[in-house]
Amino acid sequence: MSINSYPDPALLRATVAEHGVPVLLLSCETIRSQYRSLHEALPGVELHYALKPLPHPDVVAALADEGASFDLATNGEVDVVRAAGIAPERCIHTHPIKRDGDISHALAYGCTTFVVDNPYELDKFLPYRDQAEILVRISFRSSDAVVDLSYKFGIAPDQALDLITKARDMGIKVRGLCFHVGSQSAMSYKHVEAIGFCRQLFNLAALEGIELDTLDIGGGFPVPYTEPVMPIDDFCRPIVAALERDFSGTRILAEPGRFISAPSMTLVSSVMGKSERGGTMWYYLDDGLYGSYSGKLYDHCNYQIIPLKLLEGEEPDERRPSVIAGPTCDSIDVIYEGQMLPELECGDLLVSPMMGAYTWATATEFNFFPKTKIVRVD
Ligand SMILES: *Cc1c(COP(=O)(O)O)cnc(C)c1O
């Protein structure tokens, strides 16, 4: 996927004419093609789409139709897949920290695989030990992922065996291990290292008489925002080799979120107002850091932002360093400073591709600017 792939400008204009701005254009065809490329890059791996980056019912329906499985973390996510008619056997519940009501809600739906990373959490499964099965989440710290998801969760590798044997002694079935090396990983060697560690843990568990049969390699598969990333086949090749070496015959799952949803949405916003301040042009858009660009804060992500008229071929005479700000009255709500932009007019449209993951999902309604509407375009 190129970092410069935009929807057809005519489609963008037509959608804005019909639905107004700001608007997020959702392509379920892109969801399907992302799923297929990852499926081809990771043959034999069950792909559980993590709903968290974009928990949209149309995304879930398109993926269900492709044969995907699902990764749930909250009662709200359980309700989305249940409403879509997904069989609960195709779902796993991966939040390492749960209330009793979270466990019972997922079990009532029929989802029986849960993730645990500490002994306190294990205690919560005593009442459910006849129905629930466990994956133990291991922490492998990753300094080069953009979002290190082993900081907050996961048991240290050298404590994992104690947790597994404790579960066995409590009569709780442990099926296997899982990890998440971090989101938007630049390279896959962390996955490969983690797979090697997990092999050792499988062996140690076997010495204790515990046969593990499932390995979940998490998410982290990268997409291009403002910089190119490794093509997904190249990214996955070392992972596939490590799995063949260490885990042939084991059930393998993955939990992709960003890779599947990020390229599926394009944001179109408009200039609400402009001002020349201290010689710099300021453009105030109708979407910002409290809205669809929330991922700039929470997801540490930079998105491209391009005036639609440039995509339509207009050649500007002059570009000036400009500030692009969001609509709220808070000064933190500045998206970019020092952007080289041609002069924009009120009402001009701006386009950001790759806005499907951790954008709308983390947007707020601060200052009563509502969350941007999602419109499906195919
Ligand atoms: C967020 C999350 C994912 C998705 O990660 P991506 O990097 O977006 O693919 C998968 N599994 C768990 C447990 C998560 O918290």
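Both ligands and their constituent atoms are indexed starting at 1 by order of listing. Positions are given from 1 along the sequence.
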So the salt bridge (Lys or Arg N to Asp or Glu O under 4.0 Å) pairs with at least one residue in residues 36-49 (sequence neighbours excluded) are Arg36-Glu66, Glu46-Arg251
Quick look: Tyr358 vs ligand 1, heavy-atom contacts under 4.0 Å, and the answer is side chain
Are Arg199 and Phe247 in a cation-pi contact, defined as NZ or CZ under 6.0 Å from the six-membered ring centre and within 45° of the axis?
yes
The option among His93, His48, His180, Lys152 carrying the non-hydrogen atom nearest to atom 3 (C) of ligand 1 is His180
Open item on the list: So, 4.0 Å and heavy atoms of Phe153: is ligand 1 close enough to count as a contact?
Closed with: no
message = Against ligand 1, does His95 come closer than 4.0 Å with any heavy atom?
response = no
Sequence neighbours excluded, the answer for side-chain hydrogen bond (donor to acceptor under 3.5 Å, both in side chains) partners of Glu89 is none
Tell me whether Ser294 contacts the main-chain N or O of Thr359 through its side chain, where contact means a donor paired with an acceptor under 3.5 Å. yes
For Arg137, the atoms of ligand 1 under 4.0 Å from one of its heavy atoms are 13 (C)
Decide whether the shortest distance between a heavy atom of Gly220 and an atom of ligand 1 is less than 4.0 Å. yes
Quick note on ligand 1: atoms under 4.0 Å from a heavy atom of Thr94 include exactly 13 (C)
Nearest heavy atom to atom 6 (P) of ligand 1, choosing from Pro53, Pro222, Ser183, Ala73, belongs to Ser183
Ligand 1 atoms nearer than 4.0 angstrom to some heavy atom of Arg258 are 6 (P), 8 (O), 9 (O)
Going by the 4.0 angstrom heavy-atom rule, the piece of Asp71 near ligand 1 is side chain
Are Asp169 and Lys166 within salt-bridge range, i.e. N to O under 4.0 Å?
-> no
Just distances here: any N/O of Gly257 and N/O of ligand 1 closer than 3.5 Å?
-> yes
Ligand 1 atoms nearer than 4.0 angstrom to some heavy atom of Ala50 are 3 (C), 4 (C), 10 (C)
Near Gly219 (heavy-atom distance under 4.0 Å), the atoms of ligand 1 are 9 (O)
How about Phe153 and His95: are their ring centres within less than 6.0 Å of each other? yes
Check: Do the rings of His93 and Phe114 sit parallel, tilted or perpendicular, given the 30° and 60° boundaries?
Finding: tilted
Within 4.0 Å of some non-hydrogen atom of Pro256, the atoms of ligand 1 are 9 (O)
Are the charged groups of Glu345 and Lys309 less than 4.0 angstrom apart, N to O?
-> no
Report task. Would you please indicate yes or no on a ring centroid separation below 6.0 angstrom for Phe369 and Tyr290? Result -> no
